[in-house]
Novice: 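Quick one: this structure, given as structure tokens, is what I'll be asking you about.
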Amino acid sequence: MFTCVSCGQLLTTQHTHLSEEDADKRAIDDLGRQAKRLSGPMATLTKARRDQLIAEVSAEKSFKTALNKARRQLITTLEMASVSQDPMLLLSFDDDQLLDLILRGGLGLAVEDFIDNQERIRSAIERSLEVIEPDFNLNNLPQLDLIQGQAVAQVFEDIILPDTKRAVRDALTSITLDIPASVVFSDLNERLKKSVGRQLTEVKTSISQYGRSINAAAAAAAGLENYLYTGPMDGLTRPFCVPLVNKVVTEKQMTRLNNGQGLAVKTSGGGYNCRHSWSPVSEGFIISADLDRATQADILAANSKRAKRR
């Protein structure tokens, strides 16, 4: 069995698969409807969570555009370099030299775009935190730069750059074997395009983890040990998430949760492509908003319904 990339549920013959764009819109619309049904601080918090999801979706779309643009520019740069230089010389480049060529070839713009969108996500998270702790300032968290750097490294250093460097070296090797350059670069273009799907899944996960990591750091700094699991209940919500949505989970309870995908629940929620988030909440907010607290039965229900990723 396999899981749906939109909602994480196990695919069956009855399962209707939505595109990522449709699933994102559905989740955002659902959060908007939730906010209209609520009032006071909970309405404000839900709107802030909707805005965070909008920022995350915008970041994903923007990154896809930047990645495709970088691919086209890289192909052009390599074509020009292969004409003006001996391909054997290019093959002799060490990792740093090849990395510099790739970044100057267009991927550097994608890195900058990713960082710009991180700032937008951070602003949306800050608005949600202000609902809980009006005086809390994210700028007082020294680990924010580290969290941002780790997110960039996870996407580029661990996924995109290794894929790209392997593909480029293989292309340069093909040129030295007297394979026509037009064929080589056409094949390279197709290879890089095929890598985009997996890369975007990793980007999507990293963007969500970035937001949850900021929330976790803010909660620790503010001494908050309770988290409200916020997000859509739109029919695509994976079984793991259903028992937890709009309930308060303690730190201790969270350590007992298992999304079945080998990812930390605090930073990954229900797993790959999960559209839910942990919003740290104070005891005063829990009482004033009359929030439901997750029970042991809810934790067991979530774990028993987790989707196996194969």
Novice: Treating T77 as the side-chain partner and Q73 as the backbone partner, does any N or O pair qualify as donor plus acceptor under 3.5 Å?
Specialist: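 Yes: the side chain of T77 pairs with the backbone of Q73.
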
Novice: Taking atom NZ of K47 as the centre, does the number of heavy atoms from other residues, nucleotides or ligands within less than 6.0 Å exceed 12?
Specialist: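 No, the 6.0 Å shell around NZ holds no more than 12 heavy atoms from other groups.
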
Novice: Using 0.5 Å steps for rounding, measure from the CZ atom of F240 to the CD atom of Q261.
Specialist: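 Result: 9.0 Å between the selected atoms.
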
Novice: Give the minimum heavy-atom separation between A151 and Y210, together with the two atoms involved.
Specialist: CB-CD1, 4.2 Å

Novice: Indicate yes or no for a side-chain donor-acceptor contact from H276 to the backbone of C241 under 3.5 Å, with no hydrogens or angles considered.
Specialist: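 No, the answer is negative, given that no donor and acceptor are paired below the 3.5 Å cut-off.
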
Novice: Less than 4.0 Å between a side-chain N and a carboxylate O, is that true for D24 and R275?
Specialist: yes

Novice: So how far is it from Q199 CD to K64 NZ, rounded to the nearest 0.5 Å?
Specialist: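 Atom-to-atom, Q199:CD and K64:NZ are 12.0 Å apart.
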
Novice: For the residue pair L90 and L98, establish whether any side-chain heavy-atom pair is separated by less than 4.5 Å.
Specialist: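 Counting from C-beta outward, L90 and L98 never come under 4.5 Å.
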
Novice: Only counting residues at least two apart or in another chain, list the ones meeting side-chain hydrogen bond (donor to acceptor under 3.5 Å, both in side chains) with D30.
Specialist: Q34

Novice: Output the distance between atom CG (L107) and atom NZ (K165), rounded to the nearest 0.5 Å.
Specialist: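 So the gap between those two atoms works out to 11.0 Å.
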
Novice: Dump the intermediate steps for side chain to side chain contact (heavy atoms under 4.5 Å, CB included) on R198 and T201, then the final yes or no.
Specialist: CA-CA 5 Å; R198 181 178 72 90; T201 295; 5.7 Å; no

Novice: Do R72 and N68 come close enough that some side-chain heavy atom pair is under 4.5 Å?
Specialist: yes

Novice: Would a distance-only check, ignoring hydrogens and angles, find a side-chain to backbone donor-acceptor pair under 3.5 Å from S186 to S182?
Specialist: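 Side chain of S186 to backbone of S182: no pair is present.
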
Novice: Return a table of donor-acceptor pairs under 3.5 angstrom between the side chains of residues 277-285 and protein atoms on other chains or two or more places apart.
Specialist:
{"unit_1": "W278", "atom_1": "NE1", "unit_2": "V265", "atom_2": "O", "d": "2.9"}
{"unit_1": "S279", "atom_1": "OG", "unit_2": "T230", "atom_2": "OG1", "d": "3.4"}
{"unit_1": "S282", "atom_1": "OG", "unit_2": "F285", "atom_2": "N", "d": "3.1"}
{"unit_1": "E283", "atom_1": "OE1", "unit_2": "R293", "atom_2": "NH2", "d": "2.9"}
{"unit_1": "E283", "atom_1": "OE2", "unit_2": "N226", "atom_2": "ND2", "d": "3.2"}

Novice: Is there a continuous path of hydrophobic side-chain contacts, each under 4.5 Å between heavy atoms, that joins F93 to L161?
Specialist: yes

Novice: Is there a side-chain contact between D158 and E202 in this structure, where contact means two heavy atoms from C-beta onward sitting under 4.5 Å apart?
Specialist: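 Counting from C-beta outward, D158 and E202 never come under 4.5 Å.
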
Novice: Distance-only, no hydrogens or angles: does the K247 side chain make a donor-acceptor pair with backbone N or O of P243 under 3.5 Å?
Specialist: yes

Novice: What distance do T250 atom OG1 and L224 atom CG have between them, rounded to the nearest 0.5 Å?
Specialist: 13.0 Å

Novice: Within the supplied structure, the quantity of interest is the number of heavy atoms (other residues, nucleotides, ligands) at a distance under 6.0 Å from Q148 CD; does it exceed 12?
Specialist: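 Above 12, so yes.
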
Novice: Check whether V168 and I175 end up in the same hydrophobic cluster, where Ile, Leu, Val, Met, Phe, Trp and Tyr are linked by side-chain heavy atoms less than 4.5 Å apart.
Specialist: yes

Novice: Is it the case that one hydrophobic cluster holds both I102 and F185, taking links as side-chain heavy atoms less than 4.5 Å apart, direct or via other members?
Specialist: yes

Novice: When you look at K252 and E225, which way does the salt bridge (Lys or Arg N to Asp or Glu O under 4.0 Å) test go after all the steps?
Specialist: CA-CA 9 Å; K252 186 175 181 180; E225 297 183 350; over 6 Å; no

Novice: I'd like to know if R120 and D51 make a salt bridge, using a cut-off of under 4.0 Å between side-chain N and carboxylate O.
Specialist: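 Salt bridge between R120 and D51, a charged N being under 4.0 Å from a carboxylate O: no.
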
Novice: So, for V184 and S174, which heavy atoms are closest and what is the spacing to 0.1 Å?
Specialist: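 In terms of heavy atoms, the two residues are closest at CG2-CB, 3.7 Å.
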
Novice: Nearest 0.5 Å, what's the CG-CD1 distance between L45 and I132?
Specialist: 5.0 Å

Novice: Decide side chain to side chain donor-acceptor pair (under 3.5 Å) for Q209 and S268; before the verdict, give the C-alpha distance in whole Å, the side-chain angles of both, and the deciding distance to 0.1 Å.
Specialist: CA-CA 6 Å; Q209 288 176 337; S268 298; 2.8 Å; yes

Novice: Between V245 and G231, what is the shortest heavy-atom contact and its length?
Specialist: CG1-O, 3.8 Å

Novice: Testing the 3.5 Å rule here: is there a donor-acceptor pair between the side chains of T295 and D298?
Specialist: yes

Novice: Looking only at heavy atoms, what is the nearest atom pair of I125 and G211, with distance?
Specialist: CD1-CA, 3.4 Å

Novice: Using a 3.5 Å distance criterion without hydrogens, assess whether the side chain of S206 forms a donor-acceptor pair with backbone atoms of V203.
Specialist: no

Novice: What distance do D163 atom CG and F156 atom CZ have between them, rounded to the nearest 0.5 Å?
Specialist: 12.5 Å

Novice: For a 4.5 angstrom cut-off between non-hydrogen side-chain atoms, does E56 reach S208?
Specialist: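 Yes, at least one pair of side-chain atoms sits under 4.5 Å.
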
Novice: Take Y227 and L244, measure what side chain to side chain contact (heavy atoms under 4.5 Å, CB included) needs, and give me the verdict at the end.
Specialist: CA-CA 11 Å; Y227 295 82; L244 305 174; over 6 Å; no

Novice: Let me see the working for D187 and V183 under side chain to side chain contact (heavy atoms under 4.5 Å, CB included), right down to the final yes or no.
Specialist: CA-CA 6 Å; D187 289 346; V183 174; 3.7 Å; yes

Novice: Is the closest basic N to carboxylate O distance between D170 and R191 below 4.0 Å?
Specialist: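 Salt bridge present between D170 and R191.
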
Novice: I'd like to know if K25 and D29 make a salt bridge, using a cut-off of under 4.0 Å between side-chain N and carboxylate O.
Specialist: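 So K25 pairs with D29 through a salt bridge.
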
Novice: What's the shortest heavy-atom distance between L188 and A171, and which atoms?
Specialist: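 Here L188 and A171 meet closest at CD2-CB, 4.0 Å.
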
Novice: Is it true that L74 and F63 fall in one hydrophobic cluster, defined by side-chain heavy atoms closer than 4.5 Å?
Specialist: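 In one cluster: yes.
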
Novice: I'd like to know if the side chain of N140 and the backbone of F136 have a donor-acceptor N/O pair within less than 3.5 Å.
Specialist: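 Between the backbone of F136 and the side chain of N140 there is no qualifying donor-acceptor contact (under 3.5 Å).
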
Novice: Which pair of heavy atoms, one from N259 and one from G271, lies closest together, and at what distance?
Specialist: ND2-N, 3.9 Å

Novice: May I ask you to decide if L172's main-chain N or O and S82's side chain share a donor-acceptor pair within less than 3.5 Å?
Specialist: no

Novice: Apply the test side chain to side chain donor-acceptor pair (under 3.5 Å) to residues Q52 and R127: give CA-CA distance (whole Å), side-chain angles for both, the deciding distance (0.1 Å), then the verdict.
Specialist: CA-CA 9 Å; Q52 181 185 340; R127 290 195 294 274; over 6 Å; no

Novice: Look at the side chain of E157 and the backbone N and O of Q154, then say whether any donor-acceptor pair between them is shorter than 3.5 Å.
Specialist: no

Novice: Tell me whether L146 shares a hydrophobic cluster with V155, the cluster being built from Ile, Leu, Val, Met, Phe, Trp, Tyr side chains joined at under 4.5 Å.
Specialist: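 Looking at the clustering, V155 is in a separate group from L146.
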
Novice: Does a side-chain N-to-carboxylate-O contact under 4.0 Å join K193 and E190?
Specialist: yes

Novice: Salt-bridged, R169 to D95, with N to O below 4.0 Å?
Specialist: yes

